[in-house]
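Since the structure comes first, as structure tokens, the remarks are kept for the end.
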Amino acid sequence: MVNCDHYSYRVTWSVEDSEFVGLCAEYPSLSYLDEDRYAAIEGITNLVKDIVADLEANGEKVPEPIAERSYSGKFQVRIPPELHRKLAIEAAEENVSLNRYVSHKLAS
């Protein structure tokens, strides 16, 4: 059973709707609009709880919260050879490994 409070929620302003929109990263197709930011987060949270209850009742797969997933700390990215060369040169100039250099660039 999934704890819905562990999902990744956020609230942002929607210019086109002139309201706050509540979102959940694990359910990108869901949103909840409200003129009050706190009502928007409460709305999306309740909506996700309803969806999870429905999925569980029907024996369907429920997404695991991002916060509870395990990460290895590595992923592969394909880049053009010219960019690879440029990054390798910059890393060498900083006297660090390419991995450390790119990790630092991603973090900033």
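All of these numbers come straight from a predicted model, not from anything done at the bench.
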**OP:** Could you list all the side chain to side chain donor-acceptor pair (under 3.5 Å) pairs where at least one residue sits in residues 29-38, not counting sequence neighbours?
**Re:** none
Original post:
Tell me, which pairs form a side chain to side chain donor-acceptor pair (under 3.5 Å) where one or both residues lie in residues 93-108, sequence neighbours left out?
Top reply: Glu90-Tyr101
Subject >> Intermediate values then yes/no, side chain to side chain contact (heavy atoms under 4.5 Å, CB included), Tyr71 and Ile66 >> reply: CA-CA 10 Å; Tyr71 294 91; Ile66 292 171; 3.3 Å; yes
If you look at every heavy atom in [X] and [Y], which pair is closest and at what distance?
X	Y	value
Leu30	Leu23	O-CD2, 3.9 Å
Ser8	Glu26	N-OE1, 2.9 Å
Tyr7	Pro63	OH-O, 2.5 Å
Pro28	Ala25	CD-O, 3.6 Å

Answer with yes or no whether the hydrophobic clustering places [X] together with [Y]; edges join I, L, V, M, F, W, Y residues whose side-chain heavy atoms lie under 4.5 Å apart.
X	Y	value
Leu106	Val96	yes
Ile89	Leu87	no
Leu83	Phe75	yes

Original post:
Quick check: does any side chain N or O of Glu56 sit under 3.5 Å from a backbone N or O of Met1, one acting as donor and the other as acceptor?
Top reply: no
**OP:** Check for a donor-acceptor pair, side chain of Asn3 on one end and backbone N or O of Asp5 on the other, with a separation under 3.5 Å.
**Re:** yes
Subject >> Test side chain to side chain contact (heavy atoms under 4.5 Å, CB included) applied to Tyr9 and Cys4, step by step >> reply: CA-CA 10 Å; Tyr9 298 100; Cys4 294; 4.1 Å; yes
Original post:
So among Ile41, Val48, Leu47, which one has a side chain to side chain contact (heavy atoms under 4.5 Å, CB included) with Cys24?
Top reply: Val48
**OP:** Show the numbers, then the answer: is there a side chain to side chain contact (heavy atoms under 4.5 Å, CB included) between Leu98 and His84?
**Re:** CA-CA 9 Å; Leu98 178 59; His84 192 166; 3.5 Å; yes
Subject >> Step-by-step side chain to side chain contact (heavy atoms under 4.5 Å, CB included) determination, Asp54 to Val52 >> reply: CA-CA 5 Å; Asp54 187 55; Val52 168; over 6 Å; no
Subject >> Within 6.0 angstrom of Glu19 CD, more than 12 heavy atoms from elsewhere >> reply: yes
Original post:
Would you say the side-chain atoms of Asn46 and Asp50 include a donor-acceptor pair closer than 3.5 Å?
Top reply: no
Subject >> Interatomic spacing from OH in Tyr27 to CD1 in Ile51 - rounded to 0.5 Å >> reply: 8.0 Å
